[in-house]
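Heads up: the structure comes next, in structure tokens.
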Amino acid sequence: MSDDTPHRYTAQLAQQIEVAWQDRWEESGAFRAPNPAGPWAEPAQVQALGPKLLVLDMFPYPSGAGLHIGHPLGYIATDVYSRFHRMQGRNVLHTLGYDAFGLPAEQYAVQTGQHPRKTTEDNIAIMARQLRRLGLGFDERRSYATIDEDYYRWTQWIFTQIRESWYDPAFVRADGGLGAARPIAELEAALADGTRAVPELAGHAWSELDRVGRAKVLDAYRLAYTSEAPVNWCPGLGTVLSNEEVTNEGRSERGNFPVFRRNLRQWMMRITAYADRLADDLDRVEWPEKVKIMQRNWIGRSTGASVRFPVTLASGSRAGAEEVIEVFTTRPDTLFGATFMVVAPEHPLVAELIPAGGWPEGTPEEWKGADAAASGTPEAAVTAYRRAASRKSDVERQMEEKDKTGVFTGSFATNPLTGAQIPVFVADYVLMGYGTGAIMAVPSGDERDYAYAVKFGLPVIDVVSPAGPDGAAVQDWPGTVAAGAAFTGDGVAINSANADISLDGLRVADAKERVTAYLQERGIGAGTVTYRLRDWLFSRQRYWGEPFPIVFDTDGIAHSLPDSMLPLTLPDVPDYSPKTYDPEDAGSEPEPPLSRVPEWVNVELDLGDGRGMQAYRRETNTMPNWAGSCWYYLRYLDPANSDAIVDPVNERYWVGPQPNPVAGAPAGTRDPGGVDLYVGGVEHAVLHLLYARFWHKVLFDLGHVSSEEPFRTYFAQGYIQAPAYTDSRGQYVEAKEVVEEADGSFTRHGQPVSREFGKIGKSLKNMVSPDDMYAAYGADTLRVYEMGMGPLEQSKPWETRAVVGSLRFLQRLWRNVIDESTGQVRVVDEVPDQALTTMLHRTILGVREDYEAMRFNTAIAKLIELNNAVTKLSAPPRAVMQALVLMTAPIAPHIAEELWARLGHSGGLSTGPFPVGDPALVVEESVTCVIQIKGKVRDRVEVSPDISEDSLRELVLAREKVRAATADGIRTVIVRAPRLVNVVPA
RNA sequence: GCGCGCGUGGCGGAAUUGGCAGACGCGCUGGAUUUAGGUUCCAGUGCCUUCGGGUGUGCGGGUUCGAGUCCCGCCGCGCGCACCA
């Protein structure tokens, strides 16, 4: 700072101002949003405010490394949006909590012996300090962490609610739709009085079953249940993982350890019951189309038909019996072209399909398997093939080259439409986890089946032909064999008739409909919907997570703890880590840390179920990290409520359905309710958002919330990438030690390095801390810079040296109000001239639109332009500067508050006013009319903004350049008064 | 392979319905202030130019009086899914 400008807005001054205002905001509770009901009820304050607005960010995991400048990008954006609306009098709720259970804290605890709660809480304190220093207007009363007992009590309560429910697909909801979660007690009552029978009863009456038998039946319907099922066991981590936590390479997302398929008893969530609603209701929310597509793909709903292929069992106790192999197909119209079948290696019928003894006569050599030693009998060949497949996980199978492998089972099934005997193969390109684990293979209509048929010499029958212009099958189409590829497009059915039905000549869609009806009629099949979505593996062999509110009695029956026993708190354990094994030790068993605390595990309780005190064993798994983040947005609404997750009045007020559907929703849809604006990274587009939606819908069905979706509007923010540098060996080097040379190249300690842009973090050694930015520029400058970088949804590179531009803007803003030498306010009360008035109102109108649409970068550009215009004046008009300060406030709130106060206003500006633009005051004395000749700009002329079309045409045609260009006559003249005239010469 | 998105100065990016391409910022150039420095100020800055002008939004075509914007075909980059029957 030079001596003659002691009152310049420098980083030092910015810091003083910022810290002072942060203190004032905290003291006055400036950002506390009143609730209509519940423990914090302030209905009068709610009444006095405008419409509510709930703005939330995906909450952070408090890492030990602290924040980097990428983290706050979304928080600043939501803060700007919140402040903008708060200034217009709305009741804005914006706050932030912490997702604090999870592996990093546990692993750190394992290394240091410190309790994960200690390190987590320390990290939260650091992060809270950093966030406060950014000037984020959070309602700090509503912040909490998922590890708080007051919070996870309710996470456990929700788990219990889910477990004590089942999905009744026939239940008629209030909206007329079918299917809802209902209390399991309803099912139990219906089973007991015989009004409902289920296949699990196997024909027995409820009263004939013992406790264990009944529990088993109910467990088959609960929305949270235990299951002995193939799971992803990761010995290196000592825990099981959900499918989502396993990479395409068949390794753990975290740690990159091998993952094996193992049958283990685990907790599951029946999310598949909601597959349809989760897919359908995407129409009702305002989310990026890309994210909706990702969720739809994940759910993977496909409609088709199930078809039953008769087969005679070849061996086992049922040898000679008629069975059916049921398949799922999306192309029932191609059934006449099914020339063979394939079942997954794990398919339950495989063993019974293999004939004793040798191969059927005439079995081609290549059908007998690649393992020459095992190809002597079907039994040996299939067993060898199945063993090889079992050693590979699903993901590993997919990894290998797409070359088809498989073995003939030795059995033939009957094509139900042609009556043809078609061979049944075992091949690992069919997955047990999808559909029925068996397919009908139509080589002419499916690329995979085609490849298999070519490799194994199987017949190909064309059943769909491309359609000609007349809509009929192309006459001289040479067929798929000639083409060397299956025909999978739309077309016309051919070769598809028997004595009872003909599809020939029908388009694919019509043929599907016709054949499905026929199959149904004959009992051969039925229209079916299948999903890619699997039930959600919900247990982990971890310490640092929510304990399950579950105990097992001496019969092994699981019981939910009554609400009065919640929270079930995490006990201290001698060792925080699960037992880990050699990463390759597939046969190892999980041993969760909680199992090492026998006095916690083995308890005597009275569950209040009439059985009195009984001995129980607690569940020793813990919930996955997703649990806490599945519903945290609800708790913000009423965090002090000890009677309910949220008071129903508060829930309706903040997230209840609105009268109008969201923008862009199909006609007839209703608003589902939910958070008004949810901002976060697209990496959570599938899992977090899907799980939260699932839980929310269960809570809706059970009547705990009025909203049907958690997040009405979701905005996927981009990332900030920072430069990272590699040396000659390709190793990342500390970015802070790199300097740019005069020629634009980069060096570190004199050695050349090469630059790339990537995710900020330890691994790329390119950490940029907000702490450094506050110190060098102040929080307001950082906010302006981050919001000015470009569109929020886009990823863009960080450039520290460009931050100064934002400081310069704030400096000029400051200078337009405050004299840098004297510190005196220098605005004058003169009325601004017409040109400046026009610019002011145009700016207000534009900035409001930009804020509303979250185009903060263009809002900032407009503010800079207006400010630069004032900078050119010797005396800044008060009216303009006041409006400018108010408009800048959402983005740079500290400097705005300071200038607003120095301009003589008391009481702060967080509740407004926000300037209102008047379109009537946007008047130009003259506008530049562009004169084009054949579409190219050739001339310009200043004209009155309300010039008539005719006089403008006349004026333009008289211009010298136009006359010169139109010497040969004029073909046409397009006039768009007052801004453009286009003259087209003959 | 399938699906989606995006290609604009040296860089980040503007351009609301087809109507002055490059707003705003960085960088760069020149100047001012300063003992000096720059986190100061002012001016200039797409490219080419014989200073008349020409040319320009990945490439090629089309529609239009007029295309960054709409249509078709390529090329490149990014993201998602990936034997899902």
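As the structure is a prediction and not an experimental result, all values here were calculated from the model. Proteins come first, then strands; the chains are lettered A, B, ... in the order of their sequence lines, and each starts at number 1. Because only heavy atoms are used, hydrogens play no part in the values below, and waters and symmetry mates are left out as well, while side chains stay in.
- In this structure, B/rG53 is classed as anti because its glycosidic torsion departs from zero by more than 90°.
- When the P atom is compared between B/rG7 and B/rC71, the two are found 14 Å apart, to the nearest whole Å.
- The side chain of A/R971 sits closest to B/rC65 out of B/rU39, B/rC65, B/rU16.
- Distance noted for atom C1' between B/rU45 and B/rU35: 32 Å (whole Å).
- Between the C1' atoms of B/rU34 and B/rU39, the separation comes to 15 Å (whole Å).
- B/rC77 and B/rC28 have their P atoms separated by 31 Å, given to the nearest Å.
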Inset, instruction - Begin from the C-alpha positions of A/E683 and A/Y719 and carry the test side chain to side chain contact (heavy atoms under 4.5 Å, CB included) through to its verdict. - result: CA-CA 11 Å; A/E683 72 270 25; A/Y719 304 102; 2.4 Å; yes
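- Across the protein-nucleic acid pair, A/Y719 atom OH and B/rG78 atom P stand 16 Å apart, rounded to whole Å.
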Inset, instruction - Evaluate the salt bridge (Lys or Arg N to Asp or Glu O under 4.0 Å) criterion for residues A/R296 and A/D283: first the C-alpha distance (whole Å), next the side-chain angles of each, then the deciding distance (0.1 Å), finally the verdict. - result: CA-CA 11 Å; A/R296 285 201 188 96; A/D283 283 341; 3.1 Å; yes
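- Residue A/R532 has no polar side-chain atom (N or O) positioned under 4.0 Å from OP1 or OP2 of B/rC81.
- Rounded to whole angstrom, the span from the CD atom of A/E786 across to the P atom of B/rG12 amounts to 18 Å.
- Spacing between B/rU55 and B/rG5 at atom P, rounded to whole Å, works out to 34 Å.
- Of the C1' atoms belonging to B/rC47 and B/rU8, the separation is 14 Å, rounded to the nearest Å.
- To the nearest angstrom, C1' of B/rC11 lies 11 Å from CZ of A/F746.
- Atom NZ of A/K934 is surrounded by 12 or fewer heavy atoms from other residues, nucleotides or ligands within 6.0 Å.
- For A/R940 and B/rC20, a side-chain-to-base donor-acceptor distance below 3.5 Å is present, hydrogens and geometry of angles not being considered.
- Residue A/I864 is classed as a sugar-phosphate contact, given heavy-atom separations below 4.0 Å to backbone atoms only.
- Remark: P of B/rC11 and OH of A/Y785 are 15 Å apart, rounded to the nearest angstrom.
- Side chain A/R979 to base B/rG19: no donor-acceptor pair is found below 3.5 Å.
- Close to B/rA14, at under 4.0 Å from its OP1 or OP2, lies no side-chain N or O of A/R855.
- Residue A/Q794 is in sugar-phosphate contact alone, with no base atom involved, counting any heavy-atom pair closer than 4.0 Å across all strands shown.
- Both A/S795 and A/G435 lie close to RNA chain B; mapped to their nearest nucleotides by heavy-atom distance, the more 5′-ward contact belongs to A/S795.
- Taking side-chain N and O atoms only, A/R938 has no distance below 4.0 Å to OP1 or OP2 of B/rC20.
- Residue A/D449 is classed as having no contact, given no heavy-atom separation below 4.0 Å to the nucleic acid.
- What separates CD of A/E793 from C1' of B/rG78 is a distance of 15 Å, to the nearest Å.
- Taking the P atom of each, B/rG68 and B/rG62 are spaced 15 Å apart, rounded to whole Å.
- When rounded to the nearest whole Å, the span between CD of A/E849 and P of B/rU17 equals 11 Å.
- Taking atom NZ on A/K862 and atom P on B/rG13, their separation rounds to 17 Å, with Å as the unit.
- Salt-bridge check for A/K512 with A/D333: failed, with every basic side-chain N at 4.0 Å or more from each acidic carboxylate O.
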Inset, instruction - Run the numbers on A/M887 and A/T843 for side chain to side chain contact (heavy atoms under 4.5 Å, CB included), then give the verdict. - result: CA-CA 9 Å; A/M887 286 191 284; A/T843 302; 4.0 Å; yes
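- For the pair A/K404 and A/Y452, the cation-pi test (distance below 6.0 Å, angle within 45°) is failed.
- Classified by its glycosidic torsion, B/rG10 falls in the anti category, the angle being over 90° from 0.
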Inset, instruction - Let me have RNA chain B in dot-bracket notation, would you? Count Watson-Crick plus G-U wobble pairs, both distances under 3.5 Å, and use [ ] for pairs crossing earlier ones and | for inter-strand partners. - result: (((((((..(((......[....)))((((((.......))))))(((....)))..(((((..]....))))))))))))....
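- Contact of A/E289 with B/rG5 (side chain to base): no donor-acceptor pair of N or O atoms is detected under 3.5 Å.
- Atom pair A/K292:NZ and B/rG80:C1' shows a separation of 17 Å (rounding to whole Å applied).
- Residue contacts for A/A802: at a heavy-atom cut-off of 4.0 Å it reaches the sugar-phosphate backbone alone, with no base atom in range.
- Spacing of C1' atoms, B/rA14 relative to B/rG22, comes out at 7 Å, to the nearest Å.
- Under 4.0 angstrom from either OP1 or OP2 of B/rA85 there lies at least one side-chain N or O belonging to A/Y434.
- Nucleic acid contact for A/R815: sugar-phosphate only, since backbone atoms but no base atoms lie under 4.0 Å from a heavy atom of the residue.
- Applying the side-chain contact (heavy atoms from CB on, under 4.5 Å) test to A/P348 and every residue at least two apart in sequence or in another chain returns A/M432.
- Although no hydrogens or angles enter the test, the distance criterion places a donor-acceptor pair under 3.5 Å between the side chain of A/S444 and the main chain of A/I461.
- Between A/N857 and B/rA23, a side-chain N or O to OP1/OP2 separation shorter than 4.0 Å is absent.
- Checked against B/rG80, B/rG12, B/rA85, the side chain of A/K796 finds its nearest nucleotide in B/rG12.
- Ring centers of A/W298 and A/Y531: at least 6.0 Å apart, outside the cut-off.
- The side chain of A/R808 contributes an N or O atom lying less than 4.0 Å from OP1 or OP2 of B/rU40.
- A/R8 contributes no side-chain N or O that, together with a main-chain N or O of A/D819, makes up a donor-acceptor pair within less than 3.5 Å.
- Comparing B/rC65, B/rC24, B/rA43 against the side chain of A/V984 picks out B/rC65 as the nearest.
- Listed nucleotides B/rC65, B/rA15, B/rC24 differ in distance to A/T972; the shortest reach to its side chain belongs to B/rC65.
- The nearest heavy atom of RNA chain B to A/Q811 and to A/S302 marks one nucleotide each, and the one closer to the 5' end goes with A/Q811.
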